[in-house]
Amino acid sequence: GGVEETVHREPVPGLEEDGEGSLLDRIRRRGVLRVGYIEDNPPHSFFNARGDLVGLDVDIAHDLARTLGTTLEFVPVDFVELEVSMGDDCCDLVMSGLLVTPERAEGITFSQPYMEEHLAFLVADHDRGRFAARQNLRGGSGLRLGVPPSSVILDRVQRYVPEAAVRELESFEELETFFEGEHPDL
């Protein structure tokens with residue numbers, strides 16, 4: 001079981017504290033671990049059909065709060081403006097499967113990674129051979145790719161296959177509809 005939690009669906013004001021001691025000291029003194037999450041970022045953090053915040057990082061946050069002996073408060077953060085959210089002291093830390101990039105590392109301190117993820121193409125079985133090697137993608141006219149919502153992934157795909165038309169999907173739910181045949185153009 002998890003610890004007592006509060007889940008905010010809208011941004012909340014920044015923490016107002018005396019700033020004395022380490023971050024860990026302030027969390028223990030407050031008795032609440034405030035964790036930033038990205039709303040639609042499966043499998044890390046997302047709302048299930050019942051409206052509960054769930055995911056791998058949600059479970060890890062519960063474990064951390066239990067270890068610290070605190071309650072837990074989840075606060076949404078803007079994925080695109082992550083550094084701004086962190087600078088506003090809206091939370092103590094962010095747990096939502098963040099991709100470490102040189103640009104982000106300039107403004108955010110990352111923990112040791114606990115998971116590696118890899119970019120991959122999801123294609124229909126009959127098109128599998130077409131996407132088996134990068135050179136098959138080069139120079140291919142009419143290639144249209146849909147990517148999950150993430151400017152980092154969008155940038156990487158555009159650099160990897162500059163000839164392709166790349167469209168950022170609105171949500172992970174839209175990505176799921178690909179498998180239902182709703183995006184035959186991708």
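Contact check for V58 versus Y37: no side-chain heavy atoms found under the 4.5 Å cut-off. Using a 4.5 Å heavy-atom threshold, the side chains of L154 and V166 count as touching.
Closest non-hydrogen pair, R26 versus G21, comes out as NH1-O, 2.9 Å. Nearest heavy atoms, V77 versus G36: CG1-CA, 3.9 Å. Residues F46 and N41 come closest through the heavy atom pair CB-N, 4.4 Å. Considering all non-hydrogen atoms of both residues, P11 and P76 come closest at N-CG, 3.7 Å.
Rounded to the nearest 0.5 angstrom, M95 CE and I38 CD1 are separated by 12.0 Å.
Among D92, T70, D25, the single residue meeting the side chain to side chain donor-acceptor pair (under 3.5 Å) criterion with R30 is D92.
Annotation: cation-pi pair R9/F74 absent, no NZ/CZ under 6.0 Å from the ring centroid and within 45° of its normal.
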Would T6 and L72 count as a side chain to side chain contact (heavy atoms under 4.5 Å, CB included) here? Give the steps. CA-CA 6 Å; T6 302; L72 191 54; over 6 Å; no

For D40 and F47: C-alpha separation, side-chain torsions, deciding distance, then whether side chain to side chain contact (heavy atoms under 4.5 Å, CB included) applies. CA-CA 7 Å; D40 185 21; F47 287 94; over 6 Å; no

Go through the steps to decide whether V161 and L143 satisfy the test side chain to side chain contact (heavy atoms under 4.5 Å, CB included), and finish with yes or no. CA-CA 9 Å; V161 190; L143 183 60; 3.8 Å; yes

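With sequence neighbours excluded, the residues forming a salt bridge (charged side-chain N to carboxylate O under 4.0 Å, His left out) with D63 are R66, listed by chain and number. The side chain to side chain contact (heavy atoms under 4.5 Å, CB included) search around N48 returns R50, D52, V54, not counting sequence neighbours. Applying the side chain to side chain contact (heavy atoms under 4.5 Å, CB included) test to E4 and every residue at least two apart in sequence or in another chain returns T71. A search for salt bridge (charged side-chain N to carboxylate O under 4.0 Å, His left out) contacts involving E73 returns R34, not counting sequence neighbours. Shown here are the side-chain hydrogen bond (donor to acceptor under 3.5 Å, both in side chains) partners of T67, two or more places apart in sequence or in another chain: there are none. For the side chain to side chain contact (heavy atoms under 4.5 Å, CB included) test, residues two or more places apart in sequence or in another chain that qualify with L64 are L33, L68, L93. Residues passing the side chain to side chain contact (heavy atoms under 4.5 Å, CB included) test with R144, sequence neighbours excluded: A165, D185, L186. For R28, the salt bridge (charged side-chain N to carboxylate O under 4.0 Å, His left out) criterion is met by no residue, not counting sequence neighbours.
Each of V32 and I60 belongs to its own hydrophobic cluster when Ile, Leu, Val, Met, Phe, Trp and Tyr are linked at side-chain heavy-atom distances under 4.5 angstrom.
Judged by distance alone, the side chain of H44 and the main-chain N or O of L56 form no donor-acceptor pair under 3.5 Å. The main-chain N or O of D57 is never found under 3.5 Å from a side-chain atom of S45 such that the two would form a donor-acceptor pair.
Here V75 sits in one hydrophobic cluster together with V12; the rule is ILVMFWY side chains under 4.5 Å apart, joined directly or through other members.
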